[in-house]
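Each remark here refers to the structure printed beneath this line.
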Amino acid sequence: MAFSFRGLSRPNASPGLRVPDPTKDTFLELKRKKVHRYVIFKIDEKTKEVLVEKTGGPAESYEDFTSALPDSDCRYAVYDFDFVTSENCQKSKIFFISWSPSTSRIRAKMLYATSKDRLRRELDGVHYEIQATDPTEMDLEVLKDRAK
């Protein structure tokens with residue numbers, strides 16, 4: 001009887017994951033031109049590409065952003081957080097958020113966990129990273145504390 005190892009060892013679980021130019025361009029619009037307050041990314045499991053699912057305009061709030069994330073599916077997002085320092089200086093920091101709610105499918109959690117570094121390498125200019133499994137882990141106070 002032969003034993004097969006097929007499927008047991010996957011040293012690189014996302015070998016074909018691509019970050020297309022339009023996805024990178026949308027991030028650059030947030031970073032350089034301040035066109036977007038946030039960008040939500042999803043992985044298309046058929047094409048193995050990270051695509052832009054939704055963008056939020058500069059006037060949108062943090063609540064608008066968090067309510068745009070799905071309740072039971074994984075996503076990546078970047079959020080441009082504006083704040084005023086204790087020296088009364090206006091600053092902006094970009095947060096990368098890996099959203100993996102506990103109610104999402106195991107397969108989705110695995111895919112997003114193993115693909116995160118590939119996308120992060122493409123997003124030059126992110127200041128902080130947050131991994132969240134429920135909304136309290138990415139509350140606005142968490143961002144304020146990190147950005148100080």
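These values consider heavy atoms only, across backbone and side chains, with no hydrogens, waters or symmetry-generated copies. Throughout, numbering of the chain's residues begins at 1 and tracks the sequence. Since the model is a prediction, treat every value here as computed from it, not as a measurement.
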- Verify side chain to side chain contact (heavy atoms under 4.5 Å, CB included) between Phe41 and Glu53, making sure each step is shown before the conclusion. CA-CA 5 Å; Phe41 305 99; Glu53 181 177 59; over 6 Å; no
- Check the pair Lys31 / Asp80 against salt bridge (Lys or Arg N to Asp or Glu O under 4.0 Å), numbers first and verdict last. CA-CA 8 Å; Lys31 177 183 163 186; Asp80 190 6; over 6 Å; no
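- A continuous path of ILVMFWY side-chain contacts below 4.5 Å connects Leu17 to Leu123, so both sit in one hydrophobic cluster.
- Residues Ile43 and Ser115 have side chains in contact (heavy-atom distance under 4.5 Å, counting atoms from C-beta outward).
- For the residue pair Glu63 / Ser67, no side-chain donor-acceptor distance below 3.5 Å is found, with atom types taken as modelled.
- Between Tyr79 and Phe65, the ring centre distance stays below 6.0 Å.
- Side-chain atoms of Ser104 never come within 3.5 Å of backbone atoms of Ala108 as a donor-acceptor pair (strictly under, hydrogens ignored).
- Between Lys42 and Asp44, none of the side-chain N atoms (NZ, or NE/NH1/NH2) sits under 4.0 Å from a carboxylate O, so this pair counts as no salt bridge.
- Looking only at atom types and distance, the side chain of Ser61 has a donor-acceptor partner in the side chain of Asp64 under 3.5 Å away.
- Checked for salt-bridge contact, Arg18 and Glu49 meet the test: a charged N lies under 4.0 Å from a carboxylate O.
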- Take Tyr38 and Thr55 through the side chain to side chain contact (heavy atoms under 4.5 Å, CB included) test and state the conclusion after the steps. CA-CA 6 Å; Tyr38 63 85; Thr55 59; 5.9 Å; no
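- Summarising the geometry of Glu45 relative to Arg107, their closest heavy-atom pair is OE1-NE, 3.1 Å, with the distance given to 0.1 Å.
- The distance from the OG atom of Ser100 to the CE atom of Met110 is 11.0 Å, given to the nearest 0.5 Å.
- The ring of Tyr112 has its center closer than 6.0 angstrom to the ring center of Tyr76.
- For the side-chain contact (heavy atoms from CB on, under 4.5 Å) test with Ser98, the passing option among Arg75, Arg120, Lys116, Glu129 is Lys116; the others fail.
- Applying the 6.0 Å contact sphere to CG of Asp124 captures no more than 12 heavy atoms from other residues, nucleotides or ligands.
- Residues Leu119 and Ile94 fall within the same hydrophobic cluster, defined by Ile, Leu, Val, Met, Phe, Trp and Tyr side chains chained together at heavy-atom separations under 4.5 Å.
- Smallest separation of non-hydrogen atoms from Leu51 and Pro20: CD2-CG, 4.1 Å.
- In this structure, the side chain of Glu137 engages the main chain of Thr133 through a donor-acceptor pair within 3.5 Å.
- Nearest approach of Phe83 to Ala147, heavy atoms of both residues: CZ-O, 3.4 Å.
- Put simply, the side chain of Trp99 gets close to the backbone of Pro70: a donor and an acceptor are under 3.5 Å apart.
- Other residues, nucleotides and ligands contribute at most 12 non-hydrogen atoms within 6.0 Å of the CG atom of Asp71.
- For the pair Tyr62/Met138, a side-chain contact is recorded, criterion being any heavy-atom separation below 4.5 Å from C-beta on.
- Atoms CG and CG, on Asp25 and Leu30 in that order, are 13.0 Å from each other to the nearest 0.5 Å.
- Looking at every heavy atom in both residues, Val84 comes nearest to Gln90 through CG2-OE1, 3.4 Å.
- When atom types are taken as modelled, the side chain of Ser92 and the backbone of Asp82 share no donor-acceptor pair closer than 3.5 angstrom.
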- Task: Please lay out, stage by stage, how Val52 and Ile40 fare under the test side chain to side chain contact (heavy atoms under 4.5 Å, CB included).
- Result: CA-CA 6 Å; Val52 173; Ile40 298 174; over 6 Å; no
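- Leu111 and Phe96 end up in the same hydrophobic cluster when Ile, Leu, Val, Met, Phe, Trp and Tyr side chains are linked at under 4.5 Å.
- Side-chain contact between Tyr128 and Leu143 is absent, with no heavy-atom pair separated by less than 4.5 Å.
- With a 6.0 Å radius and a threshold of 12 heavy atoms from other residues, nucleotides or ligands, Lys34 has its NZ atom above the threshold.
- Both Phe95 and Val142 are part of a single hydrophobic cluster, where members link through side-chain heavy atoms under 4.5 Å apart.
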- Take Asp134 and Ser102, measure what side chain to side chain contact (heavy atoms under 4.5 Å, CB included) needs, and give me the verdict at the end. CA-CA 7 Å; Asp134 73 65; Ser102 54; 5.9 Å; no
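- Between Arg118 and Glu122, some side-chain heavy-atom pair lies under the 4.5 Å cut-off.
- Distance OG1/Thr23 to CG/Leu28: 11.0 Å, rounded to 0.5 Å.
- Contact annotation: the side chain of Lys144 approaches that of Phe81 to within less than 4.5 Å [non-hydrogen atoms, C-beta and beyond].
- Thr26 has its side chain within reach of His36: a pair of non-hydrogen atoms, C-beta onward, lies under 4.5 Å apart.
- Between Val39 and Phe27, the closest side-chain pair of non-hydrogen atoms is not below 4.5 Å.
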